[in-house]
Amino acid sequence: MQDARENKVILWLKSENFARICIFALLGIMTFLIMMYSKQSPWRKAESWTDSSVFKYVALEMSRGGIPYVDTFDHKGPLLYIINLVGQMFGYMRGIWLVEFAFMFGTLAAMYKTARLFCGRTGAWVTALISSKWIFDYFQYGNFTEEYAMLPICVATYIFLDYMLNNKVNKLRLMICGFCFAAVFLLRANMIAVWMVYCVAIFVKCLVEKAWKMLGKFVIYFLIGMSILMIPIALWLGLNGAFDDFIQSYFVFNLTYSTEAGGRALASAKWKAFVHFFNQEIVLYAVVVLLYLWVKGKNRLADGCYIAYVFLMFILLCMSGMQYGHYGLTIVPALVYPVARFIGMVEEQYKKNANPLVLAAVMYILVSLVLPTWVDACNNAVQVYENQENSNYTKAVRNAAKIIKEYTTEEETISVYGNWDIVYLISERLSASKYSYQFPIGTIDSAIMEEYFENITEEQPKVIVIQENRMDDKMRSFLDTYHYTLTYNEKADNSGSQVYVK
């Protein structure tokens, strides 16, 4: 009887289900270690980064009946604010961490699934381990558009590759691919490189092969998938009178933001950004693998398209000329295919002759390039957990929020001059102006700054907070004209503030 039970246990340990559970657990652990770097973590009481605070603030406006682009300005896609609103439903300040966790786990799972096209289970997991290592370099404490875009990009990459290499496609996959395109387009439109390349390639392929029926099927079900997400959001914006403002903020303003006319995206800056992101060991290794596959491989169309996708992705990534770290998150999904093909070739060679040098090469890559980062991630998780009692908001934010709550009610509005939306979140107050922040947007479009001062002149909020180093003659004149009194002044190396009360 005992032997029979032991045999059942052994059989179960060797079963497919146990293997899946192990992979699920490993991906979960990897996700947890990544997410412990998020400033939204339940074990942190830290201020979210500037952009993240803006996204959370837009969600706060929405939770109180406001509409993005009309009642509060930002220039990202509407899906980002919906994601942050869902996060607030799980918890006002920390609930978004659960949403981040779900997206990140989905990303790693999609990376693993893509790698399984070319590797065994162990090789696919190693591929995910290697590729996701670079998330740490670009994560920047989380809750950015690129973080949420990685999942739909990875899913679409899997669908495109499985079709181009194995001719596998069905109606559901086509709809999922269209839905993923809509999701990324409604986060930030310059992250759609994989669709731009593969959709054109498949369209041309169908034309050359005169596969009219197949082409019609592709287009119809792709559009259905897009419509599932795009139509409800477009109706929501349109019915609330926000569609024109959405177009102006998301397209017109962003085009200005990413051109020399905006004063930021000079051609030299774009080139420097390209070099900054492209000139990295993993990227150069990946490009070499892709070129080798294209020259020597059997699927030159698929590999050629992938090379085009990678270079287009870098071009779109550098449109703004900025070198913000989180922009690099879109590189991570592009690494999976070349890494998986490399690991797959290693597996194949090892099965043929069991050459220990092949395993030694992979072990070198893991030990020298990858594992130290994951060891650091384990250490970070321990440190965050142990120091959670000491984690707190900065003194300037705490004191500003305290004064705001003392002098205003929840129904009254305030204004923060600068780019410091965390103050609204901690004080739980809304902005007196459509522009909760004014920099750098007010320097790109002077009409924004003019409208901001018109808003606060009309509203005359009871409290105005000036972010460190943001006081200027125009704001000083406004404060003097309408008799505001300096109530608090904290100098603290760019984390200080001045609080004025009317």
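Position 1 is the first residue of the sequence; numbering continues from there.
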Do the side-chain N and O atoms of Ser436 and Asp421 include a donor-acceptor pair separated by under 3.5 angstrom? yes

For Tyr250 and Arg188, the nearest pair of non-hydrogen atoms, with its separation, is OH-CA, 3.1 Å

I want to check something: taking the side chain as every heavy atom from C-beta on, are Ile233 and Leu186 in contact at a cut-off of under 4.5 Å? yes

Is it the case that the ring center of Phe90 lies less than 6.0 angstrom away from the ring center of Trp97? no

Tyr437 versus Asp74, side-chain donor and acceptor atoms under 3.5 Å: yes

Short side-chain donor-acceptor distance under 3.5 Å, Glu61 and Tyr57: yes

Does one side chain, of Tyr324 or Asp51, offer a donor that lies under 3.5 Å from an acceptor on the other? no

Give a yes or no on whether the ring-centroid distance for Phe139 and Tyr37 is below 6.0 angstrom. no

A quick test of your reading: do over 12 heavy atoms of other residues, nucleotides or ligands sit less than 6.0 Å from OH of Tyr141? no

Any donor and acceptor pair, going by atom type alone, linking the side chain of Ser131 with main-chain N or O of Ala128 inside 3.5 Å? no

Side chain to side chain, Tyr198 and Leu161, heavy atoms closer than 4.5 Å: yes

Quick one: are Asp303 and Arg341 in side-chain contact, heavy atoms under 4.5 Å? yes

Would you say that more than 12 heavy atoms from the other residues, nucleotides or ligands in this model lie under 6.0 Å from the CZ of Phe243, or not? no

Heavy-atom closest pair (Pro68 atom, Ala242 atom, distance to 0.1 Å) is O-CB, 3.8 Å

Is the ring centre of Tyr452 less than 6.0 Å from the ring centre of Tyr417? yes

Side chain proximity check, Met449 to Ile441, heavy atoms < 4.5 angstrom: no

Report yes or no: does Arg398 contribute a side-chain atom to a donor-acceptor pair with the main-chain N or O of Tyr393 at less than 3.5 Å? yes

Phe251 ring center near Phe246 ring center (under 6.0 Å): yes

Residue pair Asn279 / Val283, side-chain heavy-atom distance below 4.5 Å: no

Of all residues at least two apart in sequence or in a different chain, which pass the side chain to side chain donor-acceptor pair (under 3.5 Å) check with Glu347? none

Would you say the side-chain atoms of Asn166 and Asp162 include a donor-acceptor pair closer than 3.5 Å? yes

For the aromatic rings, using the six-membered ring if either is Trp, is the centroid distance between Trp134 and Tyr138 under 6.0 Å? no

Please examine the side chains of Ile307 and Val310, heavy atoms only from C-beta on, and report whether any two atoms are closer than 4.5 Å. no

Pairing residues for Phe218 by the ring-ring contact (aromatic ring centres under 6.0 Å, His included) criterion, not counting sequence neighbours: Tyr163

Keeping Gln388 on the side-chain end and Tyr385 on the backbone end, is there a donor-acceptor pair under 3.5 Å? yes

Between the side chains of Ser48 and Ser53, is a donor N or O closer than 3.5 angstrom to an acceptor N or O? yes

For Arg173 against Lys168, the heavy-atom pair lying closest together: NH1-O, 3.8 Å

For Gly87 against Val99, the heavy-atom pair lying closest together: CA-CG2, 3.8 Å

Do Phe439 and Trp420 come close enough that some side-chain heavy atom pair is under 4.5 Å? no

Nearest heavy-atom pair of Gly418 and Arg470: which atoms, and what distance? CA-CG, 3.8 Å

In terms of the angle between their ring planes, are Phe278 and Phe314 parallel, tilted or perpendicular, with boundaries placed at 30° and 60°? perpendicular

Within a 6.0 Å radius of atom CH2 on Trp294, are there more than 12 heavy atoms belonging to other residues, nucleotides or ligands? no

Mind checking whether Phe160 and Trp195 have parallel, tilted or perpendicular rings, split at 30° and 60°? perpendicular

Ring-ring centroid check Phe73 Phe253, cutoff 6.0 Å: yes

Could you tell me the separation between the CG atom of Leu165 and the OH atom of Tyr337, rounded to the nearest 0.5 Å? 5.0 Å

Residue pair Asn419, Gln438: steps toward the side-chain contact (heavy atoms from CB on, under 4.5 Å) verdict: CA-CA 6 Å; Asn419 194 339; Gln438 306 78 37; over 6 Å; no

Out of curiosity, Ile34 CD1 to Ile29 CD1, how far, rounded to the nearest 0.5 Å? 12.5 Å

Distance, nearest 0.5 Å, that separates CD1 of Ile422 from CD of Gln467: 11.5 Å

Taking the ring centre of each residue, are Tyr221 and Phe179 less than 6.0 Å apart? no

Measure the NZ-CG distance between Lys133 and Leu371 for me, rounded to the nearest 0.5 Å. 11.0 Å

Any side-chain hydrogen bond (donor to acceptor under 3.5 Å, both in side chains) pairs touching residues 98-127, not counting sequence neighbours? Glu16-Arg121, Ser38-Glu100, Gln40-Glu100

Could you measure the distance from the CD1 atom of Ile202 to the SG atom of Cys305? Nearest 0.5 Å is fine. 8.0 Å

Qualifying residue for side chain to side chain contact (heavy atoms under 4.5 Å, CB included) with Ile153, from Val336, Val184, Ile192: Val184

Whether Asp245 and Lys434 form a salt bridge (side-chain N of Lys/Arg under 4.0 Å from carboxylate O of Asp/Glu) is what I want to check. yes

Does a donor on one side chain sit under 3.5 Å from an acceptor on the other, for Glu468 and Ser497? no

Close side-chain approach of Leu317 to Met191, heavy-atom, < 4.5 Å: no

Test log, rule side-chain contact (heavy atoms from CB on, under 4.5 Å), inputs Val384 and Arg44: CA-CA 7 Å; Val384 169; Arg44 289 178 184 263; 3.6 Å; yes

If we ignore hydrogens and angles and just use 3.5 Å, is the side chain of Thr256 paired with the main-chain N or O of Val252 as donor and acceptor? yes

Is there a side-chain contact (heavy atoms from CB on, under 4.5 Å) between Lys56 and Asn143? Walk through the geometry before answering. CA-CA 9 Å; Lys56 289 180 181 179; Asn143 195 29; 4.0 Å; yes

Audit row: Met150, Met104, side-chain contact (heavy atoms from CB on, under 4.5 Å) steps and yes/no: CA-CA 8 Å; Met150 284 196 298; Met104 188 61 68; 3.8 Å; yes

Shortest non-hydrogen pair, Leu79 vs Ala183, comes out as CD2-O, 3.4 Å

Could you state the interatomic distance from NZ (Lys270) to CD1 (Ile315), rounded to the nearest 0.5 Å? 11.0 Å

